[in-house]
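Each remark here refers to the structure printed beneath this line.
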Amino acid sequence: FGVLAGKWEMQLDEDGSFHLYQEGILRSEGVFTVVGDQIEFTDLSVASSQSGELGIYEWTVHNDQLRFQAIADPVGPRRFTLTCMGWKPM
């Protein structure tokens, strides 16, 4: 998928905010909450038509990679981006 080309980075901050970058360009930002092995993302990007939509995922760490499995997320591009690869520490 060409839309996912390049280097992606996710920043999860202690204040519960997240930032998702593609090749250094901010593509999504919002807030997250972790409860046990589940994480909820809410996109607050002003330019996003899905702003405010909640996505719920199960998270695991395997071979030093953070992985997400969608439980419920109506935002297809976010669901695809988060689940199609493992995320390594920056």
Side-chain angles (χ1 to χ4, degrees):
F1 289 98
V3 74
L4 291 177
K7 181 179 180 180
W8 284 82
E9 296 178 322
M10 182 187 312
Q11 181 178 333
L12 300 172
D13 294 324
E14 289 182 20
D15 67 358
S17 63
F18 76 88
H19 302 83
L20 190 59
Y21 300 91
Q22 180 186 27
E23 293 294 322
I25 299 169
L26 182 64
R27 297 295 185 193
S28 180
E29 62 185 342
V31 295
F32 72 94
T33 304
V34 176
V35 178
D37 65 350
Q38 289 188 4
I39 185 167
E40 298 179 353
F41 290 99
T42 303
D43 192 318
L44 300 177
S45 302
V46 175
S48 173
S49 62
Q50 291 89 19
S51 184
E53 294 283 353
L54 175 68
I56 304 170
Y57 294 81
E58 181 179 65
W59 65 270
T60 59
V61 175
H62 183 68
N63 292 333
D64 293 326
Q65 291 188 354
L66 176 62
R67 295 197 167 267
F68 299 106
Q69 176 68 40
I71 295 172
D73 192 345
V75 182
R78 175 177 58 197
R79 184 177 57 246
F80 185 77
T81 302
L82 292 178
T83 62
C84 75
M85 65 185 112
W87 298 87
K88 296 179 182 178
M90 293 174 34

For residues [X] and [Y], report the shortest heavy-atom separation together with the two atoms involved.
X   : Y   : result
F18 : S28 : CE1-OG, 3.7 Å
T81 : W87 : O-CZ2, 3.6 Å
P74 : E53 : CG-OE1, 3.3 Å
A70 : T83 : N-CG2, 3.9 Å
L54 : R78 : C-NH2, 3.5 Å

Steps toward side chain to side chain contact (heavy atoms under 4.5 Å, CB included) verdict (Y21, H19): CA-CA 7 Å; Y21 300 91; H19 302 83; 3.5 Å; yes
ILVMFWY network linking L26 to V75, side-chain heavy atoms under 4.5 angstrom: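 No: no chain of side-chain contacts under 4.5 Å links L26 to V75.
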Single-linkage hydrophobic cluster, 4.5 Å side-chain cutoff, L82 and L12 together: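 Shared cluster, yes.
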Any side-chain heavy-atom pair of T33 and F41 under 4.5 Å: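 No, every pair of side-chain atoms sits at 4.5 Å or beyond.
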Check: L44 and V31 side chains under 4.5 Å, non-hydrogen atoms: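 They are in side-chain contact.
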Whether over 12 other heavy atoms sit under 6.0 Å from D37 CG: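 Count over threshold, so yes.
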More than 12 heavy atoms from other groups under 6.0 Å of CD on Q69: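 Count not over threshold, so no.
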CA sep, side-chain torsions, deciding dist, call: I71, Q38, side chain to side chain contact (heavy atoms under 4.5 Å, CB included): CA-CA 9 Å; I71 295 172; Q38 289 188 4; 3.5 Å; yes
From [atom1] ([X]) to [atom2] ([Y]), nearest 0.5 Å:
X   : Y   : atom1 : atom2 : answer
K88 : N63 : NZ    : CG    : 10.0 Å
C84 : W8  : SG    : CH2   : 8.5 Å
E9  : R27 : CD    : CZ    : 13.0 Å

Donor-acceptor pair, side chain of R67 and main chain of T60, under 3.5 angstrom: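 No; judged by distance alone, with no hydrogens or angles, the pair does not exist.
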Heavy-atom donor-acceptor pair, D15 side chain to S17 backbone, under 3.5 Å: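 Checked: pair present.
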Aromatic centroids of Y57 and F32 separated by under 6.0 Å: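 No, the ring of F32 stays outside the 6.0 Å limit from the ring of Y57, centre to centre.
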